[in-house]
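Worth saying up front: this structure is predicted, and the values here are computed from it rather than measured. In each ligand, atom 1 is the first atom listed, and ligand 1 is the first ligand listed.
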Amino acid sequence: MSLNLFKLDGRIALVTGSGQGIGLAMAEGLAAAGAHVVLNGRDKTKLEAAQGAIAAAGHKVSIAPFDVTDQKAVEAGVAAIEAEIGPIGILINNAGTQKRGAFVDFPAEDWHFLVATNLHSVFYVTQAVAKRMAPRNRGKIVSIGSVMSKLGRPTIVPYTATKGAVALMTQGLAAELGKHNIQVNAIGPGYIVTELNKALIADETFSNWVKSRTPVGRWGETRELIGAAIFLSSEASDYVSGHLLMVDGGLTSVV
Ligand code: GCO
């Protein structure tokens with residue numbers, strides 16, 4: 001039965017930044033598809049609340065609170081997951097943040113914070129996980145890009161730089177890890193209703209622009225990213241690698 005291609009039973013999935021928002025939605029979706037999800041973030045209380053909800057739904061879930069911008073903490077966290085829970089078969093690099101402001105006035109410390117959170121994290125976590133996946137000759141790595149992996153808009157140049165890098169890093173990793181049967185892809189969310197976008201949603205002019213600029217005419221919901229996450233985490237995508245799958249209501253396909 002072809003739907004079995006999307007089942008994740010027996011797989012352990014680490015989802016970074018999964019205490020809330022897109023990361024939590026994807027973790028819930030992967031758990032419902034059968035994976036044992038490992039929730040990551042810096043806020044243990046948030047992770048425990050998310051863990052309670054997923055466990056209450058009858059799914060397998062653990063937490064691994066570590067800072068994805070700290071290479072030593074990442075290495076120790078990944079080693080502990082593999083020692084205490086089992087081999088990570090699926091990595092979702094979701095952790096990320098946003099800071100907006102005019103480029104000419106953008107504080108260097110904010111640039112460094114965005115690069116650390118959105119990009120160093122992908123390097124540290126992917127390296128710690130991929131070096132363990134490679135000898136097993138099997139793995140799925142999915143990073144969260146953005147419409148800003150392909151397009152720019154004023155006031156978010158640093159964020160755009162990090163999301164563009166995530167897209168090309170995905171292609172480079174696909175090239176290098178393919179021989180280990182590790183498929184590496186990215187998801188490009190459109191304008192999704194999340195905490196990070198609260199200010200944009202509250203701005204009627206901007207929100208109306210998103211609705212007019214997006215062919216489906218609305219903001220997306222975090223649950224609408226689950227299908228892409230399950231697909232790219234499952235054997236249904238064993239011949240898909242280096243791909244940036246846009247989940248953006250058509251935004252990046254139109255002028
Ligand atoms: C912005 C938004 C976007 C979205 C998302 C789109 O300021 O334009 O934060 O960057 O959050 O990244 O894919």
Margin query: At under 4.0 Å between heavy atoms, is it the side chain or the backbone of Ile156 that contacts ligand 1, or both, or neither?
Written below: side chain
Notebook entry, point to check: Where's the contact between Ile192 and ligand 1, heavy-atom distance under 4.0 Å: side chain, backbone, both or neither?
Noted result: neither
Notebook entry, point to check: For Leu196, is the nearest heavy atom under 4.0 Å from an atom of ligand 1?
Noted result: no
Check: Does atom NZ of Lys131 have more than 12 heavy-atom neighbours, drawn from other residues, nucleotides or ligands, at distances under 6.0 Å?
Finding: yes
Return the residue, atom name and 0.1 Å-rounded distance of the protein heavy atom closest to [atom].
atom: atom 12 (O) of ligand 1; result: Tyr159 OH, 2.6 Å
atom: atom 3 (C) of ligand 1; result: Tyr191 CE2, 3.6 Å
atom: atom 7 (O) of ligand 1; result: Arg100 NE, 2.7 Å

Next item on the list: For Asn93 and Thr126, test the side chains for any donor-to-acceptor distance below 3.5 angstrom and give the result as yes or no.
Entry: yes
Between [atom1] on residue [X] and [atom2] on residue [Y], distance to nearest 0.5 Å:
X: Leu177; Y: Lys179; atom1: CG; atom2: NZ; value: 7.0 Å
X: Ile12; Y: Glu82; atom1: CD1; atom2: CD; value: 7.5 Å
X: Arg11; Y: Arg138; atom1: CZ; atom2: CZ; value: 3.5 Å
X: His59; Y: His36; atom1: NE2; atom2: NE2; value: 12.5 Å

Notebook entry, point to check: If Ile, Leu, Val, Met, Phe, Trp and Tyr residues are connected whenever their side-chain heavy atoms lie under 4.5 Å apart, and connections chain through other members, are Ile81 and Val142 in the same group?
Noted result: no
Which atoms of ligand 1 sit under 4.0 Å from any heavy atom of [X]?
X: Ser146; answer: 5 (C), 6 (C), 12 (O), 13 (O)
X: Gln98; answer: 1 (C), 2 (C), 7 (O), 9 (O), 10 (O)
X: Arg153; answer: 1 (C), 7 (O), 8 (O)
X: Asn197; answer: 2 (C), 4 (C), 9 (O), 11 (O)
X: Met148; answer: 10 (O)

Checklist line | Criterion ring pair (Phe, Tyr, Trp, His ring centres under 6.0 Å) on Phe206 and Tyr191, from CA distance to verdict | finding: CA-CA 11 Å; Phe206 189 94; Tyr191 281 91; 5.8 Å; yes
Margin query: As a check for students: among Gly96, Pro189, Ala199, identify the option with a heavy atom nearest to atom 13 (O) of ligand 1.
Written below: Pro189
